[in-house]
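These notes concern the structure reproduced below.
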There are 2 protein chains.
Amino acid sequence: MSYSIGQVADKLSISPYTLRYYDKEGLLPFVDRNSAGRRRFKDNDFNFLEVIVCLKEAGVPVKQIGNFIDLCMTGDTTLQDRYDFLNEHEAKLEAKMARLQHTLDFLRWKKWYYKTALQAGTESIHYLPGTNHVDPAVHVEFNQLVADGADPKDLGNLPEGTAKA
Amino acid sequence: MSYSIGQVADKLSISPYTLRYYDKEGLLPFVDRNSAGRRRFKDNDFNFLEVIVCLKEAGVPVKQIGNFIDLCMTGDTTLQDRYDFLNEHEAKLEAKMARLQHTLDFLRWKKWYYKTALQAGTESIHYLPGTNHVDPAVHVEFNQLVADGADPKDLGNLPEGTAKA
DNA sequence: ATAGAATCTAGAGCTAACTCTAGGTCAAGT
DNA sequence: ACTTGACCTAGAGTTAGCTCTAGATTCTAT
């Protein structure tokens with residue numbers, strides 16, 4: 001079984017333009033061509049393609065993905081390099097996910113900040129008396145709620161029937 | 001207490017160039033200037049700055065962050081919009097983290113694939129007999145190990161003393 | 001046989017998010 | 001007073017990752 005660039009593009013939910021661009025950048029040295037010069041993807045090629053898609057999603061630059069594919073084409077002498085590459089990007093991805101978790105925590109505290117402001121009808125309930133400056137105690141209060149066992153995922157949610165329109 | 005652009009840049013670990021760029025894009029309408037036209041950041045400004053940094057990390061485009069800051073400057077009439085904005089980006093970030101978790105799972109399976117190949121000295125142990133094509137049963141085998149309770153975070157790790165040089 | 005759709009290459013164009021340059025002002029230490 | 005370094009603006013330059021155009025070829029279905 002073989003697949004045209006359009007069929008592969010559909011399967012991967014990316015454009016044929018992008019696939020050709022990847023090819024140009026050296027990411028697809030494994031694809032065959034038919035007698036008319038058109039790309040014919042094989043079933044086995046999807047093993048490479050899913051690695052490419054994975055590394056893309058992990059935030060690895062196209063050039064580095066190209067380096068990895070080069071290693072793959074070279075053979076068993078590069079097994080250690082390929083392992084090291086994946087190991088490195090596993091660590092980077094774990095670090096990124098930890099950062100994103102902090103970002104998510106922050107977003108939830110701000111949601112709670114606006115939920116409570118919304119319920120009071122004004123943001124000024126969070127201000128230091130007589131200023132436009134946020135009282136640091138407000139953040140402390142939120143942290144206290146979380147420390148007391150509240151789920152930060154729920155704390156910022158508006159009660160039912162509060163949505164507008 | 002007030003801070004120069006350089007001091008703020010240091011605190012946030014971003015360049016003064018980037019801060020001026022953000023200002024140009026309308027992200028910093030709240031910063032004051034001294035008589036010579038230089039930016040003077042106040043303590044309260046860090047409440048905005050940490051929101052900007054958070055949204056950046058969450059992957060929100062600069063223009064949209066600008067829209068949010070505009071809402072902030074407008075006053076209490078925009079509280080619902082600000083809440084909705086954060087709510088939307090919380091959901092997007094949760095979705096992204098779920099995707100990244102799948103990506104991480106995939107990376108770990110590939111690490112295991114190369115660990116086992118490395119231990120065998122050749123990738124061909126994973127091929128269908130007489131081909132260069134990966135046997136789909138290999139992935140099934142990995143999934144089985146995970147289903148049987150193995151930690152995917154550990155499965156792909158090479159035993160101690162195997163690192164090169 | 002032929003019209004319309006898909007593909008090809010080379011190369012131009014685009015967008016986001018910086019990043020830097022040039023030419024000038026201002027502030028802090030000696 | 002003077003030098004050094006931080007700061008200012010406007011605008012040019014850069015990079016990554018596409019995205020599209022043009023002009024030609026090929027495939028598919030009637």
Q: Take nucleotides 17-26 of chain C nucleotide by nucleotide from the 5' end and write B, S or -, depending on whether a protein heavy atom sits under 4.0 Å from the base, only from the sugar-phosphate, or from neither.
A: BBBBB---BB
(Q) Less than 4.0 angstrom from a charged side-chain N to a carboxylate O is my criterion; do Arg99(A) and Glu57(B) meet it? (A)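 Judged by the 4.0 Å cut-off on N to carboxylate O distance, Arg99(A) and Glu57(B) do form a salt bridge.
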Q. Listed in order of residue number, which residues of residues 92-104 of chain A have a non-hydrogen atom at under 4.0 Å from DNA chain C?
A.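 Going residue by residue through residues 92-104 of chain A, none turns out to have a heavy atom under 4.0 Å of DNA chain C.
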Q | His102(A) atom NE2, over 12 foreign heavy atoms within 6.0 Å | A |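 No, because the 6.0 Å sphere around NE2 of His102(A) holds 12 heavy atoms or fewer from other groups.
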Q: Extract, from 5' to 3' on DNA chain D, the first and final nucleotides lying under 4.0 angstrom from some heavy atom of chain B.
A: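 The contact span of chain B on DNA chain D goes from dA6(D) to dG11(D).
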Contacts of [X] that satisfy salt bridge (Lys or Arg N to Asp or Glu O under 4.0 Å) - sequence neighbours left out:
X        : answer
Lys92(B) : Glu88(B)
Lys11(A) : none
Glu90(A) : Arg108(B), Lys111(B)

Q) Atom CZ of Arg20(A) to atom P of dT7(C): distance rounded to whole Å? A)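 Result: 7 Å.
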Q.
Using a heavy-atom cut-off of 4.0 Å across all strands, would you classify Arg40(A) as base, sugar-phosphate, or nothing?
A.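 Nothing, no heavy atom under 4.0 Å.
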Q: Show your working on side-chain contact (heavy atoms from CB on, under 4.5 Å) between His126(B) and Tyr114(B) and close with a plain yes or no.
A: CA-CA 10 Å; His126(B) 295 318; Tyr114(B) 282 118; over 6 Å; no
**Q.** cation_pi(Lys110(B), Tyr113(B)) dist<6.0 Å, angle<=45
**A.**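 Judged by the rule, Lys110(B) and Tyr113(B) form a cation-pi pair.
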Q. Is Thr78(B) reaching over with its side chain to a backbone N or O of Thr74(B), donor-acceptor style, under 3.5 angstrom?
A.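 No, because the side chain of Thr78(B) does not come within donor-acceptor range (under 3.5 Å) of the backbone of Thr74(B).
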Q. Going by the angle between their ring planes, with limits at 30° and 60°, are His139(B) and Trp109(B) parallel, tilted or perpendicular?
A.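 Rings of His139(B) and Trp109(B): parallel, under 30°.
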Q) Which class fits the ring pair Phe46(B) and Tyr3(B): parallel under 30°, tilted 30 to 60°, perpendicular over 60°? A)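 Plane angle over 60°, so perpendicular.
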